[in-house]
Amino acid sequence: MSAGTPAGAPLFPEAASTLAGRVDDLYLFLVGVSVLMTALISLGIIFFAVRYRKGAAADRSNPRHHSWPMEIVWIVVPLIVFLFTFAWGAVLFYEGFLPPDDALPIYVVGKQWMWKIQHPGGKREINELHIPVGQPIRLTMTSEDVIHDFYVPAFRVKRDVLPGRYTTLWFEATRTGEYHLFCAEYCGTNHSAMRGRVIVMEPAAFQTWLAGGIAGETMAEAGARLFERYNCDTCHRLGGRGPLLARIYNSRVRLQDGRSVIADETYLRQSILEPAARITAGYKPVMPTFQGQLSETQVLQLIDYIKSLGEPEEEPSEP
Amino acid sequence: MSETHATFAHQFDDASQQTEAGLLGMWTFLITEVLFFGGMFTGYAVYRSAFPAAFAEASLHLDYVVGGVNTAVLLLSSLTMALAVHASQTGRRRSLIVFLIATMILGAAFLGVKVFEYAHKYHEHLIPGPAFVHEGPHASQVELFFSFYFAMTGMHALHMIIGLGILAVLVVMAWRGRFSPEYHAPVVISGLYWHFVDIVWIFLYPLLYLVGAHP
Amino acid sequence: MSHRIVPPRVYAIVVVILMILLGATVMANRVDLGPLNIVVALAIAGVKAALVVLYFMEVRYSSRLTWIFAGAGFFWLIILIGLTLSDTLNRDVVVSPFP
Amino acid sequence: MSERSAAAPAGSPAWPREHYLNIAYGLRSWLLTKDHKRIALLYLASVTLFFFIGGAFAVLMRLELMTPQGDLLTADGYNRFFTMHGVTMVFFFLIPGVPAVLGNFLIPMMIGARDLAFPRLNLLSWYIYVLGGLFTLGAILGGGVDTGWTFYTPYSSTYANSHVIMTALGIFITGFSSILTGLNFIVTVHTMRAPGLSWFRLPLFVWAHYATSAIMILGTPVLAITIVLVALERAFGLGIFDPALGGDPVLFQHLFWFYSHPAVYIMVLPAMGVISELITCFSRKRIFGYTFIAFSSVSIAALGFLVWGHHMFISGQSIYAGMIFSVLSFLVAVPSAIKVFNWTATLHKGTISYSTPMLYAFGFIGLFTIGGLTGLFLSALGLDVHVHDTYFVVAHFHYIMVGGTVMAYLGGIHFWWPKISGRLYPEGWGRLTALIVFIGFNLTFFPQFVVGYLGMPRRYHAYPEEFQILNVMSTAGASILGVGYVVPLIYLIWSMRYGPVAGPNPWDARGLEWRTASPPITENFETTPVVTSEAYDYESAEPGPATEARHV
Ligand code: HEA
Ligand code: HEA
Ligand code: CUA
Ligand SMILES: [Cu+2]
C-alpha cells in the first residue's frame with residue numbers, strides 16, 4: 001500500500017497493523033466522497049460562471065429563487081452519507097478500545113521528553129518498543145509530568161498519555177520492521193524530539209531479545225519487593241487491617257458508598273495513591289497515601305505484582 | 001450602558017427605543033455573566049461528582065449559619081433594590097436615595113462578613129497553595145474544594161464590589177435629580193445586575209456550605 | 001418603562017417566600033437523603049432564582065424576547081454542564097474491560 | 001470640527017462635500033470618535049497589523065520547516081513562534097476580522113440606522129482590544145509563550161516557563177472586546193431596524209452576524225473564566241486542574257473547547273455572510289433559498305455548541321461522550337452544506353461578472369468545501385485517531401480559515417472599498433492577486449494533507465527526513481501566498497489617493513448601504529430609508545432605489 005515519489009519520499013503511510021487497512025478503507029472512502037463533491041460543486045460553479053457570464057446570450061427566463069425539493073435533496077442526501085460515515089468511524093473506534101483477552105501487557109511511562117517502557121518480564125527500554133509480530137499488545141500508559149501522546153502512524157493508533165491516570169492502547173502488528181513512534185501531544189521544548197522506534201520482530205527473535213541483556217527481575221518481582229519494603233503486607237495479609245489482594249485484579253469491588261467498580265489498573269493505582277478516594281466496603285480508611293513516595297514506574301510494578309496474584313475465576317458480574 | 005442625558009442619544013429615534021436597547025443590552029450582558037460563572041459551576045459539578053466524600057468533609061469547615069445569615073442579607077438587599085426601582089418609577093427621589101443607600105449598606109455588610117470568613121480560613125490554613133494544611137485522608141481533594149470556594153466566592157465578591165460602585169454612581173445621579181418617572185432606565189438596568197449577583201449567591205450557598213448533611 | 005409598575009406589596013411577599021425557602025434549604029440539609037440532598041438543594045435554589053428573575057427582575061411583566069434572553073444563559077449552561085458530565089461520569093466504563 | 005476641504009476631486013458630482021472622513025481631522029478626532037465607520041477603520045488598521053505579525057511568524061516557521069533538522073530556530077523558539085502565530089491570528093486577526101471591521105462598518109447602514117445602539121461601548125471595545133493586544137505584544141517582545149494556542153494544562157499551568165499569564169491576560173481582555181461587539185450587534189439588530197425592514201428582509205450578512213454575535217455572547221465568557229482559572233493556578237497555586245490534587249486536565253480541555261469550537265464558527269459565519277452579498281451582486285440575482293441560508297446560520301451557531309468534544313476523541317475522554325460528539329459534528333456539517341449548495345444554485349440563470357470580489361467568492365466556496373469535507377474526516381472517530389494532531393488537522397483548518405475566511409475577508413474589503421474610501425481599487429491588480437493568493441494557498445496547504453496522513457505530527461520543530469519534499473512545497477507556496485497578501489495592501493493604500501472616484505453605487509448593488517454617498521456622511525443617511533422590498537432585489541425591472549441615490 002505504499003506509493004512513493006521517484007525520490008523515495010512516500011505519499012501514503014505504511015500499513016503494519018490489523019487496524020491500519022481498515023482505517024485506510026474509511027479514509028479512501030471519504031477521499032472518494034470529497035473528490036466527488038468538490039468536483040460536483042466546482043464544476044457546477046465553473047459551468048454556470050461560463051454559461052451565464054455577463055454578455056453571453058443564455059436563456060435567463062424564469063430564474064428560480066427557492067425550491068423545496070432541491071433543498072430537501074441536499075439536506076437529506078448529505079445527512080445519509082454523514083450518518084453512514086459516523087457509524088463506520090464509530091465501529092472502528094470502539095474496537096480500538098477492546099483489547100483481545102490474550103493481549104500482551106506492556107507498560108509505558110511518558111516524561112519530558114522520553115518514553116520509558118517496561119515489559120512485564122522486567123526488561124526496560126527507552127524510546128524503543130520491541131514487540132512480536134502477530135500478537136496483540138496492550139499498553140498501559142501514564143505520564144510523570146504533562147500530557148503526552150503515544151502515536152505509531154504505521155499502526156494508525158494514538159492515545160493521549162495523562163498524568164495522574166492510566167490510559168490504554170492496543171494494536172496487533174502484521175509486518176516486521178521498524179516504525180516511527182511519535183509524541184503527538186505538545187509537551188514542551190523537545191516535543192519534536194520525543195520520538196522513537198517500534199521494532200516489530202518475529203516471535204522467536206522477540207523471545208531471544210527479551211531474554212538477552214542483563215537478566216533483571218520481572219516487574220512483578222520488583223513489585224513484590226516494594227510490597228515488602230513499604231510494609232504493605234502488615235495490613236494486606238490474612239487477618240490484617242486491609243483486604244487480601246489475591247485475585248483482586250479485574251474483580252468487582254464493592255465500595256463503602258454503595259457503588260461498585262471493577263478493580264482495573266486505574267482503580268488499583270488510585271487505591272495506592274489516593275486510598276481515601278474509594279474505600280472498600282467493610283474496611284476503615286486507614287491506609288496511608290503513597291503519593292510522592294512511589295514513582296510511576298514503581299506503582300506500575302506494584303500493580304503488576306497484584307495482577308500476578310491472579311484474577312477471579314468467572315467474569316465479574318453485576319452484584 | 002445607557003446615555004446619561006434625560007434626552008436620548010442621536011442614534012435613537014426616541015427615548016423608548018433607547019430604554020428598550022438599554023434593557024436588552026443588560027439582559028445580553030447577564031447571559032455572558034451566567035456563562036462566566038458557569039465555567040466554575042461546571043468544574044465544581046465534575047469534581048463534586050467524582051469526590052463526594054471529600055467535598056462533604058471540606059464543606060464542614062464552612063460555617064453554614066454565617067453563610068445563611070449572609071444569604072438573608074443579600075436577599076434583603078435585593079428587596080431594597082427592587083424598592084429603589086419602584087421609587088424611581090414613581091418619581092419619589094427621597095425614597096429612591098434611601099433605598100439605594102440601604103442596598104449599599106446591606107451589600108457592604110455581606111462583604112464584611114465575607115472578609116471575616118476569609119480571615120478565618122486564613123488562620124485555619126485553608127487557603128489553597130503552598131500554605132494549605134489539612135490532615136486526613138482526603139487532604140488533596142479538600143484543597144480542590146477550597147480552590148473552588150475561593151474562586152467562586154471571590155469572583156462573586158468582585159461582582160458585588162462593582163455593584164457597589166454602580167450604586168454609588170446612581171446615588172449621586174439621584175441626588176442631582178437626574179431621574180424621573182420618564183427617565184430612570186439606569187436604575188432599572190443596575191437593578192437587573194444587582195439581582196443577578198444575588199442569584200449567583202442563591203446557588204453558591206447550598207453548593208458550598210451545605211454539601212454534606214449537617215447533623 | 002412603559003410596562004406596569006409592580007406594587008411594593010408583591011416584593012414584600014416575594015422576599016418572605018425567599019426567606020422561608022432559605023430556611024427550607026437549611027432544614028433539608030439536616031436530614032440525610034443521600035444523593036437526593038443535592039437534588040433538593042438545587043431545586044429550592046432554582047425556585048428562589050426563578051422568583052428573583054420573575055418578580056424582582058420583572059420578567060413576569062416583560063416581553064417574550066426578555067423571557068428568551070433570561071432563559072438562554074441557563075439553557076446554555078445546562079448544555080455545558082451536561083455534555084461535560086457525559087464524559088466525566090462515564091470514564092470508568094471506558095477504562096475497565098468490557099464485560 | 002475643522003472646515004478644511006478634502007484633498008479630493010473638486011467638482012466631481014459623485015463626491016460628497018461632507019462625509020465621515022473629512023468631518024474632522026487629527027488624531028483626537030479618531031481616537032475619540034463614536035462613529036461606527038471610523039471605529040471600523042481603527043479596527044481595520046489594528047487587525048491588519050496583527051495579521052502581518054502573525055504572518056511573519058508563519059514565514060519563519062515555514063522557513064524552519066524547509067529542512068528536517070531544526071537548524072534555523074531553536075526548539076523553544078519554534079514552539080513560541082507557532083503559539084504566537086496561532087494566538088495572534090485567531091484572537092487578534094480572525095475573530096475580530098470580519099465582524100469588527102466589515103460588520104461594524106456595514107451593519108448600521110444595512111439596517112438603515114444612524115449608528116450601533118451603543119456607540120461608546122463600540123469605541124470601548126476597540127480600546128479593550130488594543131489593550132489586550134498590547135499585553136500580547138508585550139508577552140511577545142518579552143520572549144513569547146510556548147503553550148500552543150490551546151493552552152493545555154498541566155503544561156500551561158505548571159510546566160511552561162514562558163509568559164503564560166501575560167498572554168492569557170491579553171486574550172482575556174480581548175475576549176471582552178468580542179463580547180461587547182456581539183452585545184452591540186444583537187441589541188442593534190433587535191431595536192434599530194429601519195421602517196419596513198422585517199427580519200426576513202435583512203441581508204444575509206446581518207443574519208450571519210447576528211448568529212456570530214450569539215456565539216460571542218454565549219461562548220466567550222467561558223473562555224474568559226477558564227483563562228482566569230489557569231492564571232490563578234499558575235500565580236497562586238490554586239489547584240483547579242492540578243492532577244496532583246486529583247484535578248482533571250481534561251476538564252480544562254472541555255472548558256477551552258466549549259468556547260473554541262464555537263469560535264471557529266465565529267471565524268467562518270461572518271465570512272459566509274460576505275459571500276452571500278458578493279454572489280448575489282455579481283450574478284445580479286436574488287439569493288437562492290434565502291430562508292434556508294438565514295436559518296442555517298442560526299443553526300450552525302446553536303449546534304456548534306454541542307460538538308466541542310470532537311477535539312478530544314483520544315484525550316482520555318469517555319468513548320461514549322466521543323460518540324455523542326462525533327454524531328453531532330456530522331449534524332453541524334449539514335447547515336454548511338445547505339449554504340454551499342444554495343450559493344451554487346444562485347448562479348443559475350444569473351448574469352455573472354468576474355470582478356475581483358467575485359473571484360474571491362469562488363475561491364471561498366471551493367476551498368471552504370475542501371476544508372469542510374476534511375472536517376468530516378476528523379469527526380469520523382476511527383479515522384481521527386490516526387490524523388489527530390497531525391498536519392492533516394493543520395491543513396483542514398487553514399483551508400477553512402485562510403482559504404475560506406481570509407479570502408472572504410479580502411473579497412469583502414474589495415467589494416466595500418468604494419464605500420469605505422470613496423474610490424475604486426485597480427481592478428486588474430485585484431484579479432491578479434486573487435489568482436496569486438489562490439495558487440499560493442493551495443501549494444502551501446494541500447501538501448499538508450498528504451504529509452499529515454503520512455503521520456507527521458503538528459507542532460514539530462524537526463521531523464523525519466522522508467517528509468521533506470512535501471514541506472518544501474509548502475514553504476514555496478507560503479512565499480507566493482505572502483506576496484499575494486502584501487500586494488493588496490499596497491494598491492489599496494495607493495487607491496485611497498489616486499483611485500478613480502467611485503460614486504455612491506459603483507456595483508449597482510441593492511443593499512441599503514449603497515443608497516447613500518461614498519464615503520457616507522456621519523449619520524449614514526440624509527433621511528432614514530424606508531424598506532419596501534426583499535433583500536437582493538437585483539432582478540426587478542424598475543431601476544432600483546440605488547439608482548435614485550446616484551442622481552443626487
Ligand atoms: C473557521 C474555522 C473552522 C471551521 C468552520 C471548521 C469546521 C469543521 N471542523 Fe474544524 N477545526 C478548526 C477550524 C474550523 N473547523 C481548527 C482551528 C481546528 C484545530 C484546532 C487545534 O487543535 O488547534 C479544527 C479541528 C477540527 C477537529 C479536531 C481534529 C483533531 O484535532 O483531531 C475536527 C473533528 O471533528 C473538526 C471538524 C470540523 C467539522 C466537521 C466542521 C464542519 O463545520 C464543516 C462543515 C462543512 C462542510 C462539510 C463542507 C460543505 C459541505 C458540502 C459541500 C456537502 C458535501 C456533501 C456530501 C459529503 C454528501 N475540526
Ligand atoms: C486565522 C488564522 C490563521 C492564518 C491566517 C494562518 C496563516 C498561515 N499559517 Fe497558520 N495556524 C493557525 C492559524 C492561522 N494560520 C493556527 C490556529 C495554528 C495552530 C497553532 C498551534 O498549533 O498552536 C496554525 C499553525 C500553523 C502551522 C503549523 C505549525 C506546527 O504545528 O508546527 C503552519 C505550518 O506551516 C502554519 C502556516 C501558515 C501559513 C504559511 C499561513 C499563511 O497564510 C500566512 C501568510 C501571510 C504572510 C506570508 C504574511 C504576509 C507577508 C509578510 C509578512 C512579508 C514577508 C513574507 C515573505 C517575503 C514570504 N500555521
Ligand atoms: Cu511528549 Cu509531546
Ligand atoms: Cu471543532
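Just so we're on the same page: letters track the sequence lines, and every chain starts at 1. Heavy-atom basis, side chains included; hydrogens, waters and symmetry copies ignored.
Between D:I217 and B:F29 the shortest side-chain heavy-atom distance does not fall below 4.5 Å. Between D:V187 and B:E20, the closest side-chain pair of non-hydrogen atoms is not below 4.5 Å.
Looking at D:L223, there are no atoms closer than 4.5 Å to chain B (heavy atoms on both sides), in backbone or side chain. At a 4.5 Å heavy-atom cutoff, B:F37 makes no contact with chain D through either its backbone or its side chain. Using a 4.5 Å cut-off between heavy atoms, D:D248 contacts chain B through both its backbone and its side chain. Heavy-atom distances place the side chain of B:Y47, and not its backbone, under 4.5 Å from chain D. The parts of D:I240 that come within reach of chain B are both its backbone and its side chain, each placing non-hydrogen atoms under 4.5 angstrom from that chain. Contact of D:A214 with chain B is not made at all, since no heavy-atom distance falls under 4.5 Å.
At most 12 heavy atoms of other shown residues, nucleotides or ligands fall within 6.0 angstrom of atom OH in B:Y122. In this structure, B:E124 places its CD atom where more than 12 heavy-atom neighbours from other residues, nucleotides or ligands lie under 6.0 Å away. For CH2 of D:W199, the number of neighbouring non-hydrogen atoms (other residues, nucleotides, ligands) closer than 6.0 Å is greater than 12.
Residues D:L238 and B:P128 share a closest heavy-atom pair of CD1-CG, 3.7 Å. The nearest pair of heavy atoms linking D:T191 to B:A21 is OG1-CB, 3.9 Å.
To the nearest 0.5 angstrom, D:I179 atom CD1 is 11.5 Å from B:I31 atom CD1. The OG atom of B:S140 sits 9.0 Å away from the CG atom of D:D242 when rounded to the nearest 0.5 Å. Taking CG of B:L35 as the start and CZ of D:F258 as the end, the distance is 5.5 Å to the nearest 0.5 Å.
Residue pairs meeting the side chain to side chain donor-acceptor pair (under 3.5 Å) criterion with at least one partner in residues 22-43 of chain B, sequence neighbours excluded, are B:E33-B:H159. Residue pairs meeting the side chain to side chain donor-acceptor pair (under 3.5 Å) criterion with at least one member in residues 218-240 of chain D, sequence neighbours excluded, do not occur.
Most heavy-atom pairs under 4.5 Å with chain B: of the set D:L255, D:I186, D:L218, this distinction falls to D:L218. Top candidate by heavy-atom pairs under 4.5 Å with chain D, chosen from B:A151, B:S147, B:G39, is B:S147.
The salt bridge (charged side-chain N to carboxylate O under 4.0 Å, His left out) check on B:E57 picks up nothing, with sequence neighbours excluded.
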Begin with the C-alpha distance, continue with both residues' side-chain angles, and end with the deciding distance and a verdict on side chain to side chain contact (heavy atoms under 4.5 Å, CB included) for B:F12 and D:M192. CA-CA 8 Å; B:F12 295 111; D:M192 318 249 314; 3.4 Å; yes
Run B:M40 and D:I225 through side chain to side chain contact (heavy atoms under 4.5 Å, CB included) and show every step you take. CA-CA 7 Å; B:M40 290 186 285; D:I225 187 66; 3.6 Å; yes
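When atom types are taken as modelled, the side chain of B:Q11 and the backbone of D:A113 share no donor-acceptor pair closer than 3.5 angstrom.
Using a 4.5 Å cut-off between non-hydrogen atoms, no part of residues 194-202 of chain B approaches chain D.
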